[in-house]
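Taking it in order: structure first as structure tokens, then the write-up.
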Amino acid sequence: MRMIRTRTLPGTRRAIALAAAFGVFAAGCTDMYDDARIKPLQESTFYADGQSSRPLVEGTVPRGSARTDEHFTTGKINGKFADAFPVEITAGLLDRGEDRFNVFCSPCHGRLGDGTGMIVRRGFPRPNSFHSDSVRSKPAGYYFDVITNGFGRMYSYAPSIPVEDRWAVVAYLRALQLSRRVEAGALTSAELEKLSR
Amino acid sequence: MAQIFHPGMKVVSRASIILFVIVVTVLVVVGGAMYRSGYTTNVGNPREQKVPFSHEHHVNGLGISCAYCHTSVEKSAFAGIPPTHTCMTCHSQIWNTAPVLEPVRESYRTGRPLEWIRVHDLPDFAYFNHSIHVNKGVGCETCHGRVDRMPLTWSVNTLHMSWCLDCHRNPEKYVRPKSEIYSMTWKAGTDTAAGRRLVEEYDIHKQQLSDCSICHR
């Protein structure tokens with residue numbers, strides 16, 4: 001979707017500098033700075049639309065991305081949002097989810113998930129808090145679907161967050177929700193002491 | 001037999017030898033300085049873009065991570081320039097009538113890509129891969145500088161081979177904990193003990209890093 005043009009001026013200047021320093025021996029050396037290879041998103045004079053990156057044929061499936069597993073790729077089982085996770089929840093997955101949540105979700109939803117991120121403070125309509133009862137009661141697959149397809153004013157994050165990372169984000173979201181509703185009796189005395197400090 | 005050269009030519013010949021040495025020295029020095037200067041490398045020269053995108057505003061002002069837009073940085077050679085979709089994720093609601101963003105909206109409406117002038121243009125004979133650097137503890141800021149202070153984007157390093165080698169020979173002076181990759185403010189400590197530990201932890205084979213074939217493939 002983006003094109004990058006390279007400015008040719010520095011190449012000319014480089015050639016002058018090299019020619020001054022090394023005389024005729026350097027003549028032609030700068031040709032190799034820009035060979036016929038195309039860099040990602042570079043502009044093209046060959047194709048009519050000016051882009052070297054060709055649009056994908058509709059229906060193209062990247063290797064390894066075939067949607068054979070409904071639960072994993074849509075968050076649904078038999079067409080209904082599932083609350084179960086299609087991946088194993090591990091500490092590593094939660095760490096990854098926290099990292100991705102903070103990168104992609106926190107600008108609006110805030111690091112705590114209460115919907116007061118910086119972009120909201122700058123005027124973006126405030127999303128519901130993840131801690132409200134109506135949002136908490138949604139099944140895990142629902143969150144996966146929102147990340148994939150967007151919701152309301154939220155655009156799809158499918159281009160930015162790969163499927164497995166989306167599940168990591170949903171898992172972290174569950175941890176975030178849990179963090180506000182833990183019964184005191186379920187904690188060890190050491191944990192309680194840490195919290196009261 | 002008469003002398004071929006007039007006695008005065010002795011001065012001329014000496015002067016021409018000296019002059020030749022001086023001219024060559026000056027050319028080499030001036031050419032070398034030119035080659036390293038911002039005039040040739042464009043270091044410190046903000047690039048004018050059709051949309052005056054400010055990293056300072058988005059990174060420093062709003063706290064958006066580098067990875068929000070440059071999504072392929074940790075798994076691909078190319079860090080990625082975001083699709084217009086990413087810009088419009090916020091700008092469909094915020095500054096959605098600002099004239100300065102009209103090219104962005106037009107791109108979204110028509111599907112025609114925005115054009116950007118490349119800021120970092122590595123010579124094509126040098127192989128470079130973002131993902132390996134990010135995954136082995138090289139932070140964005142190490143090469144790209146304080147992007148969070150750039151209202152328009154410029155480069156802060158020459159991308160000359162000597163600059164690459166400085167880190168490839170002494171990675172312990174530059175590598176950082178993985179949690180700090182996107183940090184703009186992380187600073188290496190004065191002693192390199194922590195860096196040496198990270199080099200070991202990341203399994204960086206320092207002795208190969210200055211092999212020709214690492215970068216010239």
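Residue numbers begin at 1 in each chain, while the letters A, B, ... track the order of the sequences.
- You'll find the side chain of A:Arg153 stays beyond 4.5 Å of the side chain of B:Ser92, heavy atoms only.
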Open item on the list: B:Asp124 vs A:Lys39, test: side chain to side chain contact (heavy atoms under 4.5 Å, CB included). Steps then yes/no.
Closed with: CA-CA 9 Å; B:Asp124 286 359; A:Lys39 291 186 176 180; 2.9 Å; yes
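- Contacts between B:Gln49 and chain A at a heavy-atom distance below 4.5 Å are absent for every atom of the residue.
- In terms of modelled atom types and a separation under 3.5 Å, the side chain of A:Arg122 and the main chain of B:Ile94 share no donor-acceptor contact.
- Note on residues 72-83 of chain A: pairs passing side-chain hydrogen bond (donor to acceptor under 3.5 Å, both in side chains), not counting sequence neighbours, are A:Asp83-A:Arg174.
- Proximity to chain A among residues 61-71 of chain B is limited to B:Gly61, B:Leu62, B:Ile64, B:Ser65, B:Ala67, B:Tyr68, B:Thr71, judged by heavy-atom separations below 4.5 angstrom.
- Other residues, nucleotides and ligands contribute at most 12 non-hydrogen atoms within 6.0 Å of the CD atom of A:Glu88.
- By a heavy-atom distance cut of under 4.5 Å, not one residue of residues 12-21 of chain B is near chain A.
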Dump the intermediate steps for side chain to side chain contact (heavy atoms under 4.5 Å, CB included) on A:Tyr157 and B:Thr89, then the final yes or no. CA-CA 9 Å; A:Tyr157 274 75; B:Thr89 299; 3.2 Å; yes
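- Ion pairing of B:Lys75 with A:Glu164 is absent here, as no side-chain N (NZ or NE/NH1/NH2) approaches a carboxylate O to less than 4.0 Å.
- The line from OG of A:Ser160 to NE2 of B:His85 is 6.5 Å long, rounded to the nearest 0.5 Å.
- Closest non-hydrogen pair, B:Arg118 versus A:Pro40, comes out as NH2-O, 3.8 Å.
- Residues from residues 176-188 of chain B that place a non-hydrogen atom less than 4.5 Å from a non-hydrogen atom of chain A comprise B:Tyr182, given in numerical order.
- Ranked by heavy-atom pairs under 4.5 Å with chain A, the first of B:Ala126, B:Cys90, B:Gly32 is B:Cys90.
- The line from CG of A:Leu41 to CH2 of B:Trp116 is 12.5 Å long, rounded to the nearest 0.5 Å.
- Only the side chain of A:Arg100 comes within contact range of chain B, judged by heavy atoms closer than 4.5 Å.
- Here the CZ-CD distance, from B:Arg112 to A:Gln51, works out to 7.5 Å after rounding to the nearest 0.5 Å.
- A heavy-atom distance below 4.5 Å is not found between the side chains of A:Tyr155 and B:Thr86.
- Within a 6.0 Å radius of CZ in A:Arg67, no more than 12 heavy atoms belonging to other residues, nucleotides or ligands are found.
- Heavy atoms of other residues, nucleotides or ligands lying less than 6.0 angstrom from CZ of A:Phe151 number 12 at most.
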